[in-house]
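Some notes on the structure that comes next.
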Amino acid sequence: MTRRAAVVGLIGTLAVSGAGLAGAAGPAAADHVKPSEPPPKMPVATGHGGAVATVDADATAAGLEMLRRGGTAADAAVAAAAALGVTEPFSSGIGGGGFFVHYDARTGKVETLDGRETAPASATDQLFVDPDTEEPLGFLDARVSGLSVGTPGSLATWEEALERWGRHSLARNLRPAVELAEDGFVVDETFRSQVEANIAIFADFPATAELYLPGGAPPAVGTTLTNPDLADTYRVIARHGVDVFYEGPIADDIVATVQEPPLGDDATRVVRPGDLTTDDLAGYEVVERDPTMVEYRGLQVYGMPPPSSGGSTVGEALNILESFDLAAMDEATALHHYLEASALAFADRNRYVGDPDAVDVPLEELLSQGFADERVCLLDSAAAAVKPVAPGMPDGDYAGCAPAAADAHAVDDAGSTTHLTTADRWGNVVAYTLTIEQTGGSGITVPGRGFLLNNELTDFNFVPTQGSAPDPNLPGPNKRPRSSMAPTIVLDDGEPFLAVGSPGGATIIGTVLQTLINRIDRGMDLPGAIAAARLTQPNSRNTSAEPAITDGLLGDALVGFGHTLVRTAEIGAATGIEVLDRKLLQAAAEPVRRGGGSAGVLIPQRWPRP
């Protein structure tokens, strides 16, 4: 019997209970917004018994609650992720997907789960090409459409993670998020500004506007926002399992929303329908993949393999930097080397990395020290290379400096994700990055269900980008788009040392790479490594840099190397956990970026470390 056959009988039950039905009346604006006080946020916490670091105090509290009730790092990660679906719905939620990296203290193994969204079985490489003009769609037209929505993978990831490494049921892990959606959370400036940036899109979809534009405007900072539809959806999933999402009435609602986007009567935009089907949802599978691993300064750095480019690009860049003594350099010189290694690794990422189930990714060669040593030849310690640089030739034949494989092509991707990091009393560690892609995803809320759908398929290249060479990241049937998400776990002689990750589209790779360098090479502790000013170079003509760099002597020094700096308000929003001596845990989150993050430990340290 198929999963769908097992759950279709639920429709009658759900109809009787009225829980989470499509088309159910949503909350009135006055019913789900009220004044309140925001919860406190602490960017750093040190102690024992387990730790959680997220961008949000409510999500961190949800994870800590699971640890307090005897849960594992996986339980804490799922509970925190479900809570983020309430409080940070424009960057995460059950309408999206992500990558889950887990260290198992019992086996000493690092394992990964690929919960990336998939394209419909009907998708072709012409998915984002206008059939009338034969030109690629504009990004906004592609994003705000059913075309951009891939089969969500988050719920399947949670189920798989809990089956492997959890101690509590999914229903138990969803409980804090249900209460949060029902009782509400306090709107902060980051949330309000994200709504404001999406007003024109959200206003066109009644279900989205009703939820996030109460009274026709973004909710005021300091008010409490509830989401009873999402609370009901979580309850249905808790009661009946994830099958109700992938093969039951929620799946039907998702497909109906994608195929006939529910626009308001006064909407002016044209929203193209998608071709996602119930078969696409029913056929979705989380994939276990071998993690990437490179040795760096005697440490073992594990990351997420393709279709994420995070592990391969961070790993290649670290292999390149292994040839240089960054600790002996002044700050500007060290950052110059970081930027140049990043550009070289990005060139290879753009040329070779895609969904490994659809294209041949030379991952072993990309992560080989021989290939990195060949790429080192192109890194001038005194001057920045002209960008974009050309990719190398990861062919297994490495001797001296090799010629470029093809012309240089830059490919930047943008988006908004979220990252959380957890650890438990037994020594298990999780680094989990999840997303719905753009801030606000497709902008389309499933009516009566309370969650936004992703626009993840816009992570595909709309048309070929690599000149005469094959493009590994074009759309295709059931294909997973390439990602820059880079959840990372670092071991020291097989024992957990550090876990870190960040949101930020293509800037994720630079944020994680720079944080690792700051901690390992530059003598910073983890909170300092996360707080330090950032810059990122995804093999493009300009280098994005935060004001603390562009507006000071450090920026002048980097310009002296030949870098073209473009001022960017902020880059990334990292979280991490470090295992200190005597199993002491230090959780760290952003002190300022994205409104500041939230770190917590189960048993706070009573006295400061000497």
Requested in this report: May I ask you to decide if Glu88's main-chain N or O and Asp56's side chain share a donor-acceptor pair within less than 3.5 Å?
Outcome: no

Query raised in the report: Are any of the side-chain heavy atoms of Pro273 and Pro261 separated by less than 4.5 Å?
Result: yes

Report task. Please check if any side-chain donor atom of Thr575 sits under 3.5 Å from a side-chain acceptor atom of Thr421, or the reverse. Result -> yes

Query raised in the report: Any chance the side chains of Arg594 and Thr190 put a donor and an acceptor closer than 3.5 Å?
Result: no

Query raised in the report: Any donor and acceptor pair, going by atom type alone, linking the side chain of Ser502 with main-chain N or O of Ala573 inside 3.5 Å?
Result: yes

**Report entry** Side-chain donor or acceptor of Thr124 paired with backbone N/O of Gln126 under 3.5 Å
**Finding:** yes

Query - Mutual orientation of the aromatic rings belonging to Phe245 and Phe451 [parallel < 30°, tilted 30-60°, perpendicular > 60°] - result: tilted

Query raised in the report: With no hydrogens and no angle check, is any side-chain donor or acceptor of Gln466 less than 3.5 Å from a backbone partner on Asp471?
Result: no

Report summary line: Only one of Asp459, Asp355, Asp357 passes salt bridge (Lys or Arg N to Asp or Glu O under 4.0 Å) with Arg116, and that residue is Asp459

Query raised in the report: Taking the six-membered ring for Trp, are Tyr234 and Trp158 parallel (under 30°), tilted (30 to 60°) or perpendicular (over 60°)?
Result: tilted

Requested in this report: Show the numbers, then the answer: is there a side chain to side chain donor-acceptor pair (under 3.5 Å) between Ser122 and Asp275?
Outcome: CA-CA 7 Å; Ser122 62; Asp275 195 30; 2.5 Å; yes

**Report entry** Between Phe202 and Phe90, ring centroids under 6.0 Å
**Finding:** yes

Query raised in the report: Between the main-chain N or O of Gly572 and the side-chain N or O of Arg593, is there a donor-acceptor pair closer than 3.5 Å?
Result: no

